[in-house]
Amino acid sequence: MTSERYNARESEPRWQRQWDDKAIFASKNDDVRPKYYVLEMFPYPSGRIHIGHVRNYTLGDVLARFMRAKGFNVLHPMGWDAFGLPAENAAIKNHTAPAKWTYANIDHMRSQLKSLGYAIDWTREFATCKPDYYRWEQLMFTRLLKKGMAYRKNAVVNWDPIDQTVLANEQVVDGRGWRSGAIVEKREIPQWFLKITDYAQELLDGLDTLPGWPDAVKTMQRNWLGRSEGLEIQFAVAGESEPLGVFTTRPDTLMGVTFLSIAAEHPLALQAAQGSEKLAAFIAELRHGGVSEAELETQDKRGMDTGLRAIHPVSGEPIPVWVANFVLMGYGTGAVMAVPAHDQRDWEFAQKYSLPIKMVIVDPSVIDALNEIEHDLSQGVGIDPMRAALRGRDSNAQDISAPLRVVEAFERRILEDAAWTPRGVLVNSGEYDGMDFSQALDALATRFERDGSGSRRVNWRLRDWGVSRQRYWGCPIPVIYCPKCEAVPVPEDQLPVVLPEDVAFSGVQSPIKADPEWRKTTCPQCGGPAERETDTFDTFMESSWYYARYTSPGANAQVDERANYWLPVDQYVGGIEHAIMHLLYFRFYHKLLRDAGMVHSDEPAQNLLCQGMVIAETFYRDNADGSKDWINPAAVEIQRDDKARVIGATLKADGQSVQIGGTEKMSKSKNNGIDPQTMVNKYGADTVRLFSMFAAPPEQSLEWSEAGVEGMARFLKRLWREVATHAANPDHPVTDPSALDAGQKTLRRQLHETIQKVSDDFGRRHAFNTAIAALMEFLNALGKFSDQGEQGRAVRHEALEAMVLLLNPVVPHISHALWQVLGHPQTVLEDQPWPQADSAALLRDSVTLAVQINGKLRATIELAANASKEEAEALARAQPQVLHFLQDMTIRKVIVVPGKIVNIVAG
RNA sequence: GCCCGGAUGGCGAAACUGGUAGACGCAAGGGACUUAAAAUCCCUCACCCUCACGGGUAUCCCGGUUCGAUUCCGGGUCCGGGCACCA
């Protein structure tokens, strides 16, 4: 039996059934071992597992099995992020109810995940589209509503004027609705918001408590939160009773304000438009196009004078108020003070509309130039005041041309090239001349706080979380609208508000909006006729607390006490595309759970591993109409020249050439997706798992290569053969380290180096690719080790057992089989202790040093591990190569780094 | 447009704290075994010059710090992720 080749297709399902039937990976709370909660971002049930899932869940699985072997009580659950837009799209396309489609996908994908052999506790599985799950987030929402943490206000959405529906940003393509082709408009509708901004400071500070999160993610979150300190300044508006407030982080530039910009949706703009057809038309035009920030920020900067005049709070001068398409109503006050000399966007706007540019900040070098000619700052800076000040002087007394050139050049730069945005020294600012940024900030803040026209303020870029979606396939928002009592939360004893699943879904109108019966209800407060909210929650709502629900299966509450055993998550694994939004909502919701008394920790996850995307080559043929036919890589053959360079590709089916389109993220549109199921069927789950861990480090993008997969299959076959050949002779003595010869000692040292490296790579570095490379390297060494003597066999046996244990997290099926071949009846391989490196076996007698001359490698030397610096230098200088190179040179310096290099500096 | 990453042989990558650039795998070339093929095994493999010994060059580009830079600093190019209604 042991000499047979390993048949993954027959063997793997057997192991999977065994793990399943015995519930080997079901986790318990009452366990003496320390807990370890590893969680991968749960999948959206889109239909089939894709390679990105395989990568994600294999990463988590390797950690789960590794940590169990290290002696932890591991929780590794799985569930389904089941609400979302794709189900509605599929419903339209396939004329099926979103629920039916979703449940069928879940069933299929569950079996696919099982076929990959993941060590998952399936007893905790749930789907977020079930009332058992979403009822708890409805309850939480009603409580937040009562606490004032949830509120309703108008917000802008993409509106399709033909389909009469709200569109997701994804459904807006080049400013048009994806189905109707109509030019999308912005429309304001009332929506529910959660006050995430109340937690902005805590969300920012919390990042400093997360050393286990990637710096890139923390930096992105910090920038997203966007804390800035500055002043809120009130500009009185001529003829208006209410002042216009603006927030600025650059109060030092206040005297350079030459106009104000307000958003098109700003009340003042709308009011001004009533008196001006031209302005009304312009504002109407700005309604065209979508609402995404990327779209707004890349469009041409456009504006129009409202005719309103604000009063500068210091100079008292009138300042024109413009409507500008780049000012966002949702950020700050929806109005900004424009300083074209010192803000690039304002500068461009001023250039375009010939608005004045007034320099009020200069580089210290300009001040130096002025000091040179004893110019009094209070007389002003800028060319005209300069000349005026100099006019009366005796031109022979001082040569003013050089400093004047400095000032002129600086001013010309601002007027002609670009805004000058660094902080500097104030000029042209009256009493504030000569101040630096913080002096000006203090002076202005004091002044405004005294006269009531402004105050210091912390501003956040973060906006409150809009949770309303005008969609059917989501969790109903538990609110009732009563004509008398307005918005009333659904009472707790009436929850959950259940989403009907058996519906006809045509695509445009949500079935619960279309059905007057579902809507109809009575007001919980006054008992009168009322209507239910028909919007549903953002699906980020479900994915913000699922990690906590896994800890408390079946709890008659959102979570119960068990959450405090398991939480926080020890290791979270998911795609970098979630770096900001999901991971911020996830952190926010944890604080909501904490403040509701349900969990005791401040952050949901201690460590975060962000995996890269999965990419593959693309191939295409040009169509006559200029479009492209994308061809799946599996259908293509590659041509190479004699240096193995790719020179072309042909379609296998017809042998004709196809174009190579570059390596891109796997997608439907480029038809470069590889179906993992096909790969599993062909090569076995272990081979697929091994490749996805070996081909790239986890954070980098992973390029799929079927040839690479075959290489993994070869490695596993060689491993199998090595074990089977050895086990054919059941006699295996125990290693006696004192009895080993040089070859046996070397192999054993290599083994223990490998154990050390793999343990470190799995546990500390998460460098699964180099761990596997080390195991391959060791198998190569083992293959060359032919010693069949007593201790030779002993060392080989020790090596093979260690290899199987080390590989088990990545390739559990073959490892379980080989463990039996090696003579162990146990099936729970994870409960075998993780191999320990024997420090005595790691000792080396000698080391190799590189010898450099002027930083270039010229020789290597071998010397005793405990040799002194002097011995190393002497040996290096005696090398023939070194002597040859140093013939005509004098040695200036010798640098010896023990164990590394000897560098001889000579000339 | 803004924020965050990345770039190393023909390809995926390695080099962990500034110390021998290219481990491991793929592809390719040569050989062994075989009637043959598959499978397997062995050898070669950054580029250029050289019969060879050996030498020169090389980690996206330009510049800097250092005895020494893939690694640190400044400036750029290209590619990717995110930008609040894709998940």
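Here is the naming used below: chain letters follow the sequence lines, and residue numbers restart at 1 for every chain. Quick caveat, the model's predicted, so the values are computed rather than measured.
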Separation of B/C3 atom P from A/His578 atom NE2, nearest Å, is 23 Å

Side-chain atoms of A/Met613 come closest, of B/C4, B/C16, B/G81, to B/G81

For a quick test of reading the model: is some side-chain N or O of A/Ser705 closer than 4.0 Å to OP1 or OP2 of B/C26?
no

Taken to the nearest whole Å, CG/A/Leu690 to C1'/B/G12 is 14 Å

Kindly say whether, by distance alone, the side chain of A/Gln470 makes a donor-acceptor pair under 3.5 Å with the base of B/C85?
yes

- Given the C1' atoms of B/U66 and B/G18, what is the spacing between them in whole Å? 9 Å

Scanning all shown strands, the Watson-Crick or wobble mate of B/A36 with both distances under 3.5 Å is none

Rounded to whole Å, the CD-C1' distance (A/Gln881 to B/G55) equals 10 Å

Short side-chain N/O contact from A/Lys856 to OP1 or OP2 of B/G55, under 4.0 Å: no

Indicate the ring-plane relationship of A/Tyr546 and A/His582, choosing parallel, tilted or perpendicular according to the 30° and 60° boundaries. tilted

Mate of B/C85 across any strand shown (Watson-Crick or G-U wobble, both atom pairs under 3.5 Å) is none

Only one of A/Asp535, A/Thr534, A/Thr165 passes side chain to side chain donor-acceptor pair (under 3.5 Å) with A/Gln470, and that residue is A/Asp535

Check: Quantified in whole Å, what is the P atom distance between nucleotide B/U70 and nucleotide B/G63?
Finding: 15 Å

Whole-Å distance, A/Phe694 CZ to B/A23 P, equals 12 Å

**Asked** Has the side chain of A/Arg764 got a donor or acceptor that lies under 3.5 Å from a partner of the other kind on the base of B/C16?
**Response** yes

Any strand, both distances under 3.5 Å, Watson-Crick or G-U wobble: B/U17 pairs with none

What does A/Asp81 touch in the nucleic acid at a heavy-atom separation under 4.0 angstrom: a base, only the sugar-phosphate, or nothing?
-> sugar-phosphate

Assign the ring pair A/Tyr44 / A/Trp101 to parallel, tilted or perpendicular, where the plane angle (0 to 90°) is split at 30° and 60°. tilted

**Asked** Looking at side-chain heavy atoms only, is the closest gap between A/Phe83 and A/Tyr134 below 4.5 Å?
**Response** yes

Interatomic distance at C1', B/G19 relative to B/G5, whole Å: 28 Å

Please determine whether any donor N or O and acceptor N or O are separated by less than 3.5 Å between the side chain of A/Asn169 and the base of B/C85. no

Applying the 3.5 Å cut-off to both distances, the Watson-Crick or G-U partner of B/A58 turns out to be none

Mate of B/C78 across any strand shown (Watson-Crick or G-U wobble, both atom pairs under 3.5 Å) is B/G6

Using Watson-Crick geometry (N1-N3 plus N6-O4 or O6-N4) or G-U wobble (N1-O2, O6-N3), each under 3.5 Å, B/A27 is paired with none

Practice item. Flag the pair A/Asp538 and A/Arg469 as a salt bridge only when some basic side-chain nitrogen lies within less than 4.0 angstrom of an acidic carboxylate oxygen. Key: yes

Only residue of A/Asp760, A/Thr754, A/Asp761 satisfying side chain to side chain donor-acceptor pair (under 3.5 Å) with A/Lys757 is A/Asp761

- Tell me whether the OP1 or OP2 atom of B/C85 has a side-chain N or O from A/Arg469 closer than 4.0 Å. yes

Base orientation of B/G81, chi within 90° of 0 counted as syn, else anti, reads anti

When rounded to whole Å, the CD1 to C1' distance for the pair A/Ile901 and B/U17 reads 15 Å

Separation of B/G22 atom C1' from A/Glu777 atom CD, nearest Å, is 13 Å

- Item | Inter-nucleotide C1' distance (B/A15, B/A52), Å rounded | 32 Å

Exercise. What nucleic acid atoms does A/Asn769 come within less than 4.0 Å of, heavy atoms only: base, sugar-phosphate, or nothing?
Worked result: sugar-phosphate

Rounding to the closest angstrom, what is the interatomic distance between B/A7 and B/G12 at atom C1'? 14 Å

Re B/U66: Watson-Crick or G-U wobble partner, both distances kept under 3.5 Å, found to be none

